[in-house]
Amino acid sequence: MLITELKAKEALLPQICGKVFIINCYGCREIYFPDAAANEFQKELVDSGCVTGSITTDYICNPDNLKVRLAKHADAIEAADVLLVFSCGVGVQTVAENYPAKKVVACCDTYALPGFQGVTPLEHDCRQCGECYLNLTGGICPITACSKSLVNGQCGGSKDGMCEVDPNMECGWERIIRRLKQVGRLDALKCPVQVRNYATDEDVK
């Protein structure tokens, strides 16, 4: 169970360029999903004529389930420049991994609640910190992919692309830079990162 909160429209609109495909996940959002706000925002996008298609499903954090559910929307997804994902951070990361050549936008922030959390067999994780950075980092979470949870770039301690804290773990920021280069978005790293709001992160309270 978890709480997802729609990001501010002012934060999302600059992320949207060209045509978009919308993915809504209703998997483990038993407690709260921003239905009204998300529906209103999506309606505005549809009315503007930039939406190639949409799907409302569950458990997009499972890649096999995701592929089956999105298969019949292949043409609409191919026609889109951006995939808008309304889910927790695990779902966004799964979509980004399955569509590495597409820009994937996290439309929600996620807050933690105790209980069942997703069904992904992958190593993706969402700290549910309430302040999602995935739109700045190509759909790879710097909080969970980096042993030090750095949000402003790698520490300089990695060796041959591997983490200095865990030599068996690939440096998260090496992955982020590689992904941004792949989708032609290295300019995203020029965006100044604000000081992280630790008050929203249950793991550091």
Side-chain angles (χ1 to χ4, degrees), residues 1-17 20-46 50-51 53-63 65-66 69-70 77 80 82-99 102-120 122 124-145 149 151 176 179 185 188 191 193-194 196-203:
M1 297 182 289
L2 47 82
I3 293 176
T4 49
E5 179 180 54
L6 186 69
K7 285 181 174 290
K9 186 187 300 185
E10 294 75 20
L12 291 176
L13 289 179
Q15 300 287 336
I16 300 172
C17 54
V20 304
F21 184 86
I22 297 171
I23 302 173
N24 293 301
C25 181
Y26 272 40
C28 47
R29 62 84 173 112
E30 288 90 344
I31 298 300
Y32 182 74
F33 183 82
D35 295 281
N39 289 340
E40 180 181 349
F41 179 63
Q42 292 177 23
K43 184 178 184 303
E44 291 178 11
L45 294 176
V46 171
C50 72
V51 178
S54 65
I55 183 173
T56 296
T57 182
D58 55 12
Y59 299 116
I60 64 172
C61 55
N62 185 298
N65 175 65
L66 178 70
R69 298 297 177 92
L70 295 184
I77 293 172
V82 180
L83 305 181
L84 299 183
V85 184
F86 294 77
S87 79
C88 74
V90 177
V92 177
Q93 291 176 77
T94 306
V95 172
E97 182 165 287
N98 277 269
Y99 295 94
K102 293 284 186 183
K103 179 179 180 181
V104 176
V105 173
C107 295
C108 300
D109 289 319
T110 308
Y111 296 83
L113 283 177
F116 178 68
Q117 303 287 330
V119 292
T120 181
L122 303 177
H124 299 323
D125 191 13
C126 175
R127 184 71 62 79
Q128 300 171 11
C129 63
E131 191 174 15
C132 190
Y133 291 92
L134 291 171
N135 293 339
L136 297 175
T137 55
I140 297 173
C141 178
I143 307 298
T144 59
S149 296
V151 297
I176 289 169
R179 170 69 57 77
R185 294 190 57 227
C191 177
V193 176
Q194 295 182 348
R196 188 175 166 204
N197 180 14
Y198 287 95
T200 64
D201 190 337
E202 287 292 334
D203 283 0

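If you're wondering where the values come from, they're calculated on a predicted model, not measured in any experiment.
For the pair Phe86 and Thr4, the minimum side-chain heavy-atom distance is 4.5 Å or more. You'll find the side chain of Leu12 reaches within 4.5 Å of the side chain of Cys107, heavy atoms only. Here the side chains of Ile16 and Leu45 are in contact, with some heavy-atom distance below 4.5 Å. Looking only at side-chain heavy atoms (C-beta outward), Pro63 and Asn98 come within less than 4.5 Å of each other. Proximity of Ile55 to Phe21: side-chain heavy atoms (C-beta onward) are separated by under 4.5 Å at one or more points. At a threshold of 4.5 Å between non-hydrogen side-chain atoms, the residues Val85 and Val105 do not count as touching.
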Between Ile23 and Arg69, does a side chain to side chain contact (heavy atoms under 4.5 Å, CB included) hold up when you go through it step by step?
CA-CA 10 Å; Ile23 302 173; Arg69 298 297 177 92; over 6 Å; no
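Heavy-atom minimum distance, Tyr99 versus Val104: O-CG2, 4.5 Å. In terms of heavy atoms, Thr94 sits closest to Cys61 at OG1-O, 3.4 Å. Between Ala96 and Arg179, the closest heavy-atom pair is CB-NH1, 3.4 Å. Closest heavy-atom contact between Gly89 and Cys126: N-SG, 3.6 Å. Closest non-hydrogen pair, Ala38 versus Leu6, comes out as N-CD2, 4.0 Å. When all heavy atoms are compared, the tightest approach of Cys108 to Cys132 is O-CB, 3.9 Å.
Between Thr144 and Arg127, the side chains place no donor N or O within less than 3.5 Å of an acceptor N or O (distance only, hydrogens not considered). No side-chain N or O of Gln128 forms a donor-acceptor pair with one of Asp109 less than 3.5 Å apart.
Without hydrogens or angle criteria, Ser54 side chain to Ile22 main chain gives no donor-acceptor distance under 3.5 Å. With hydrogens and angles ignored, the 3.5 Å screen pairs no side-chain donor or acceptor of Glu40 with any backbone N or O of Ala36. In terms of modelled atom types and a separation under 3.5 Å, the side chain of Asn65 and the main chain of Asp58 share a donor-acceptor contact. Side-chain atoms of Lys103 never come within 3.5 Å of backbone atoms of Cys17 as a donor-acceptor pair (strictly under, hydrogens ignored).
With rounding to the nearest 0.5 Å, the separation of OG1 in Thr57 from CG in Leu66 is 8.5 Å. Distance CD1/Ile143 to SG/Cys129: 5.0 Å, rounded to 0.5 Å. Atom-to-atom distance recorded for Asn24:CG and Ser87:OG is 9.0 Å, nearest 0.5 angstrom. Going from atom CD of Gln15 over to atom NZ of Lys7 covers 9.0 Å, rounded to the nearest 0.5 Å. Atoms SG and CG, on Cys50 and Leu84 in that order, are 7.5 Å from each other to the nearest 0.5 Å. The distance from the CZ atom of Phe41 to the NZ atom of Lys9 is 7.0 Å, given to the nearest 0.5 Å.
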